[in-house]
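Structure record follows, encoded as structure tokens.
Just so it is clear, the structure is predicted and the values come from calculations on it, not from any experiment. In what follows, chains are A, B, ... by sequence order, proteins preceding strands, each numbered from 1.
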Protein chains: 2
Amino acid sequence: MASQQKTSRKAAGTAAAIRRPRSHGANGAAPNGEAGDDIGLDALVGHAGYAVRRFQLWIFQDFIKTLATVDIRPTQYSVMTVIGANPGLSQMAVAKRLGIERARLVHLLDSLEDRDFVSRVPSATDRRSHALHLTARGKTALAQFKRLAAEHERHVAEKIGKENREHLLRILASFT
Amino acid sequence: MASQQKTSRKAAGTAAAIRRPRSHGANGAAPNGEAGDDIGLDALVGHAGYAVRRFQLWIFQDFIKTLATVDIRPTQYSVMTVIGANPGLSQMAVAKRLGIERARLVHLLDSLEDRDFVSRVPSATDRRSHALHLTARGKTALAQFKRLAAEHERHVAEKIGKENREHLLRILASFT
DNA sequence: TATTGTTATACTCTATAACTATA
DNA sequence: TATAGTTATAGAGTATAACAATA
């Protein structure tokens with residue numbers, strides 16, 4: 001039931017059906033809730049963070065969908081791309097460059113190593129650290145990922161417009 | 001140690017010290033890792049998602065920091081703002097409008113109700129649902145949150161520029 | 001039958017702390 | 001003493017599924 005049990009929680013309330021297909025009770029104006037899409041965001045419309053967050057969720061969902069066949073997520077793609085362009089980097093270097101926690105990178109690399117995309121190779125200069133490299137299989141795979149990622153990027157351009165996408169990249173260049 | 005234990009994980013590797021303050025070994029050019037900030041992002045620079053993600057993280061961190069004194073996070077702020085502007089909304093309506101899972105909204109509202117900012121009030125029209133309202137305390141609190149959020153928004157404008165912030169809001173308006 | 005609020009579970013991500021082996 | 005990689009844990013956040021009350 002929708003009753004009380006802990007501290008909060010009272011009971012029952014008002015309808016406010018959303019986007020109902022046909023009839024919806026008795027009155028045609030909706031009780032005191034909202035009729036559908038006219039729920040105002042008030043102060044949120046002036047917050048860049050809100051729009052950026054919703055946009056980021058859309059982008060990541062499209063990326064994940066577009067690369068679903070190869071089962072690669074945005075963070076995995078970014079790690080492989082940076083290693084591919086900078087062979088021999090240490091885990092700390094990759095973590096700092098991409099803003100990932102080094103503890104988390106351990107697990108990311110574990111899964112990429114299990115799939116034979118990346119290898120941690122030893123080196124003589126500092127026996128504490130690993131030099132990261134793409135395997136032969138990893139290099140081939142990354143090339144395919146990049147083609148799919150480019151396709152995803154075209155979806156972004158279609159969504160917000162070619163010019164807007166480019167302007168956006170320029171505005172946010174300092175954050176990369 | 002940095003050795004093997006499960007499947008992955010080999011051992012030792014290459015340095016690639018980042019932004020080291022003074023000396024860093026023997027050679028002045030860094031082993032085979034990177035010297036500091038010149039780690040190329042390769043394909044990532046052309047991906048809007050990467051820049052947007054980094055920007056979003058920066059914004060949220062600034063928001064959380066700026067509203068730390070009142071212990072309010074972005075999602076809590078968005079929920080209170082929407083309820084404040086649309087009193088009587090059901091949980092489903094709020095969840096759909098903000099793109100939050102209804103299961104997660106339950107916990108969000110629990111904490112806001114525990115702090116006496118929001119109340120779930122019963123209604124006669126649909127005994128399954130709750131009509132959400134801000135309490136008197138919630139209204140006062142939200143007014144303060146909005147002042148702090150406006151301060152945060154000024155930080156954003158300082159960071160990327162007033163014009164750029166406005167252009168960004170226009171570009172992403174369809175995602176709100 | 002479908003929907004609302006709720007509970008529960010699992011998996012991702014973030015944030016820390018601590019430990020080992022190195023430097 | 002500090003750093004690299006690792007392990008472990010706790011808290012958000014996301015994604016689902018299932019259930020009771022109600023429509």
So, for B/Phe117 and B/Phe145, is the gap between ring centers shorter than 6.0 Å?
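They qualify: ring centres under 6.0 Å apart.
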Looking at B/Lys159, is its backbone amide N or carbonyl O close enough to the side chain of B/Arg165 to form a donor-acceptor pair, meaning the two atoms are under 3.5 Å apart?
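It does not hold such a pair.
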Using 4.0 Å as the upper bound for N to carboxylate O, is an ion pair formed by A/Arg147 and A/Glu151?
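A/Arg147 and A/Glu151: not salt-bridged.
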Charged N to carboxylate O under 4.0 angstrom, A/Asp62 versus A/Arg154?
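The answer is no: the pair does not qualify as a salt bridge.
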[atom1] of [X] versus [atom2] of [N]: gap in Å, rounded?
{"X": "A/Arg102", "N": "C/dA15", "atom1": "CZ", "atom2": "C1'", "result": "12 Å"}
{"X": "B/Leu105", "N": "D/dA15", "atom1": "CG", "atom2": "P", "result": "15 Å"}
{"X": "B/Arg127", "N": "D/dA20", "atom1": "CZ", "atom2": "C1'", "result": "13 Å"}
{"X": "A/Asp110", "N": "C/dC11", "atom1": "CG", "atom2": "P", "result": "17 Å"}
{"X": "A/Arg128", "N": "C/dA23", "atom1": "CZ", "atom2": "P", "result": "7 Å"}
{"X": "B/Ile100", "N": "C/dG5", "atom1": "CD1", "atom2": "P", "result": "13 Å"}
{"X": "A/Phe60", "N": "D/dG13", "atom1": "CZ", "atom2": "P", "result": "16 Å"}

Taking the side chain of A/His130 as its heavy atoms from C-beta onward, which of D/dG5, C/dT6, D/dT14 lies nearest to it?
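Ranking D/dG5, C/dT6, D/dT14 by closest atom to the A/His130 side chain puts D/dG5 first.
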Proximity to the side chain of B/Ala103 - top-ranked nucleotide from C/dG5, D/dG13, D/dA17
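Ranking C/dG5, D/dG13, D/dA17 by closest atom to the B/Ala103 side chain puts D/dA17 first.
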Take B/Thr75 and B/Glu101, find for each the nucleotide of DNA chain D with the closest heavy atom, and name the residue whose nucleotide sits nearer the 5' end.
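Mapping each residue to its closest nucleotide by heavy atoms, the 5'-most match is B/Thr75.
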Of all pairs that satisfy side chain to side chain donor-acceptor pair (under 3.5 Å), the ones with a partner from residues 167-176 of chain A, not counting sequence neighbours:
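Matches after skipping sequence neighbours: A/His167-B/His167.
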Quick one: is D/dT14 close enough that its OP1 or OP2 comes under 4.0 Å of any side-chain N or O from A/Gln61?
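No, no such contact exists.
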Collect all protein-nucleotide pairs involving nucleotides 9-12 of chain D in which both atoms are nitrogen or oxygen and the distance is under 3.5 Å.
none

Give the minimum heavy-atom separation between B/Leu44 and A/Ser78, together with the two atoms involved.
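Closest heavy-atom pair between B/Leu44 and A/Ser78: CD1-CB, 3.7 Å.
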